[in-house]
Protein chains: 2
Amino acid sequence: MAERWTAKGAATRSRIIDAAAALIYERGLASVGINDVREATSTSHGQVFHYFPGGRAEILRAVVERQARQALDDQRPELDALDSRESWQAWRSRLLAVHSARGAAGGCPLGSLAAQMAESDPEAARLIDAGFDVWAAHFERGLEAMRANGDLEPATDVPALARAILALVQGGFVLMQASRSIERLSQALDAVLLLVRENATDDQG
Amino acid sequence: MAERWTAKGAATRSRIIDAAAALIYERGLASVGINDVREATSTSHGQVFHYFPGGRAEILRAVVERQARQALDDQRPELDALDSRESWQAWRSRLLAVHSARGAAGGCPLGSLAAQMAESDPEAARLIDAGFDVWAAHFERGLEAMRANGDLEPATDVPALARAILALVQGGFVLMQASRSIERLSQALDAVLLLVRENATDDQG
DNA sequence: AAAAGTTTGGATAGATCTCTCCAGAACCAT
DNA sequence: ATGGTTCTGGAGAGATCTATCCAAACTTTT
């Protein structure tokens, strides 16, 4: 099914998704129509519906999947090795740097889509939720690694802690988006480090 | 300026705001047009623009202010007296009950508007941010009361803790909205209690 | 009761948006 | 090369949406 297009076609399709994602991130989903995407990509109306027979809804779902990847990539490479308190700190720095460079606008590439799509498109909501699952799994992996190294209290409820951390991150993004201030995200990430520290064994903080 | 309308007129205006808020909360902002609001309130097109000369954008801003109040009311009366660990627990229970009854859908009445309006309407973003400020101030007041009672570590950075708690709540709402599971909000609120407990003096937990 | 102001209903303009359809150009395999 | 497939361009139907405008009905005031 992914082989339905030639290399050229797949490139055009990607271009459409990328442009749609960028526009939605900058202006909000409601302000982005097919025509805006068409203009931004120098494509024709026919192409858009050729590559997305499901129309706008199908583009939007592709954007969700793209942004789920984007949100994770924004945190790499640190996201893949959150196995010490220092690595969590490095992860925090990267996330802040990325969103500082973006002007503290737009919120979470993935999370900001939740409020915009969840109520109108259940399938999109499912995709967003799946993205959160993968994200939380990365946190879990890091925390488990810490536990294996003896850096985390053995009794820690890792899945619950991972979800709490993800909630903190998402909430930090929401507050940041409303205020356009990186400070809000920074405070939330400080609390993440605090949570990790308080579940760590060597409580030297 | 608030006396521009008679009692009857003000009632109609309120009816419009309430209906718009409810529809937006249920279907998402992008799916709600003036016509939907008109139908839901059995009003005419003329009335809508009579009471909101600024058109759709003005209605939306009024909805933001209404939902800022709604979000706080959802947490009352506990929100006004978060001066002990028990009161935080009662607050948690109320919030869960309210959103459980709503089917764990829609997210935060206020916070869900951030992603939907912040990028397209700066004034709306300002109103949302102001709502968050009031919300955080309530948390601060409760925490300060705890400190005055000797229940909180004197060195606690209360404003930062309040912001972290608000971020947790907002993030919990985001995860809840995507998954339609009250469990996600519950986990976030558990973490709130944990944060409060860990900043409390008598660490018997 | 008359006048002034407010509220209500609805027609309609004007713009916008999604989506369908068709045809020509480019590409690829045999 | 040639036949089939994919890619591209654009016209236009059909629906929807915001907003304006005007006049009638109702309220309030004098």
Side-chain angles (χ1 to χ4, degrees), chain A residues 1-24 26-64 116-117 119-121 123-124, chain B residues 1-24 26-64 116-117 119-121 123-124:
Chain A
M1 127 181 182
E3 313 309 330
R4 197 172 145 190
W5 299 282
T6 66
K8 189 179 181 185
T12 301
R13 201 184 121 98
S14 282
R15 226 169 4 117
I16 292 172
I17 297 171
D18 287 350
L23 287 174
I24 289 168
E26 287 166 18
R27 305 183 198 166
L29 184 139
S31 313
V32 178
I34 287 179
N35 223 33
D36 301 308
V37 176
R38 192 192 55 67
E39 276 179 18
T41 50
S42 301
T43 51
S44 68
H45 220 89
Q47 293 179 67
V48 175
F49 284 87
H50 176 66
Y51 293 111
F52 302 91
R56 189 174 190 262
E58 190 177 341
I59 299 177
L60 263 35
R61 287 177 197 145
V63 165
V64 170
Q116 300 186 85
M117 305 190 63
E119 305 309 312
S120 57
D121 185 344
E123 171 64 12
Chain B
M1 127 183 183
E3 313 309 329
R4 199 171 145 188
W5 299 283
T6 66
K8 190 178 181 185
T12 302
R13 201 184 121 99
S14 282
R15 227 169 3 118
I16 292 172
I17 297 172
D18 288 349
L23 287 173
I24 289 169
E26 287 166 17
R27 306 185 198 163
L29 184 139
S31 313
V32 178
I34 286 180
N35 223 34
D36 301 308
V37 177
R38 192 192 55 67
E39 277 179 19
T41 50
S42 301
T43 50
S44 68
H45 220 88
Q47 295 181 67
V48 175
F49 284 88
H50 175 67
Y51 294 110
F52 301 91
R56 190 174 190 262
E58 190 177 341
I59 299 177
L60 263 35
R61 287 179 196 142
V63 166
V64 170
Q116 300 186 86
M117 305 190 63
E119 305 309 313
S120 57
D121 185 345
E123 172 63 11

5' priority, DNA chain D, between B:Ser31 and A:Thr43 [closest heavy atom]: A:Thr43

Nucleotide of C:dT18, D:dC7, C:dG9 approaching A:Tyr51 most closely (side-chain heavy atoms): D:dC7

From C:dG10, D:dC26, C:dC27, nucleotide with atom closest to B:Lys8 side chain: D:dC26

A:Arg38 CZ to D:dG9 C1', straight-line distance once rounded to whole Å: 10 Å

4.5 Å side-chain heavy-atom contact, B:Leu29 and B:Leu60: yes

Between C:dC17 (C1') and A:Leu60 (CG): distance, integer Å: 14 Å

Beyond-backbone contact of B:Tyr51 with B:Glu58, side-chain heavy atoms, under 4.5 angstrom: no

Spatial distance of atom CD1 (B:Ile16) from atom OG1 (B:Thr43) [nearest 0.5 Å]: 4.5 Å

B:Thr6 side-chain N/O to C:dG5 phosphate OP1/OP2 under 4.0 Å: no

Nearest-angstrom distance from the residue atom CG of A:Asn35 to P of D:dG12: 16 Å

Atom-to-atom span, CZ of A:Phe52 to P of D:dT8 - whole angstrom: 12 Å

Out of D:dC7, D:dG9, C:dT8, whichever nucleotide has its closest atom nearest the side chain of B:Thr12: C:dT8

Spacing of A:His50 atom NE2 relative to D:dC7 atom P, expressed in whole Å: 4 Å

Touch class at under 4.0 angstrom, heavy-atom based, for A:Gly55 against every strand present: sugar-phosphate

A:Ile34 side chain, from C-beta outward: closest of D:dA19, C:dT8, C:dC19: C:dC19

Among C:dT6, D:dT18, C:dC19, the one nearest A:Arg56 by side-chain distance: C:dC19

Sugar-phosphate, base or nothing in reach of B:Gly46, heavy atoms under 4.0 Å: base

B:Glu39 CD to D:dT16 C1', straight-line distance once rounded to whole Å: 12 Å

Interatomic distance where CZ belongs to B:Arg13 and C1' belongs to C:dT8 [whole Å]: 17 Å

Rounded distance in Å - CZ (B:Arg4) to P (D:dT28): 19 Å

Side-chain touch B:Glu119/A:Ile24, heavy atoms, less than 4.5 angstrom: no

Distance test, side-chain N/O of A:Gln47 to OP1/OP2 of D:dC7, below 4.0 Å: no

Polar side-chain contact A:His45-D:dA11 base: donor and acceptor under 3.5 Å: no

Nearest-neighbour nucleotide for the B:Phe49 side chain, D:dT18, C:dG9, C:dT6 considered: D:dT18

Student check: side-chain heavy atoms of A:Arg27 and A:Asp36 closer than 4.5 Å: yes

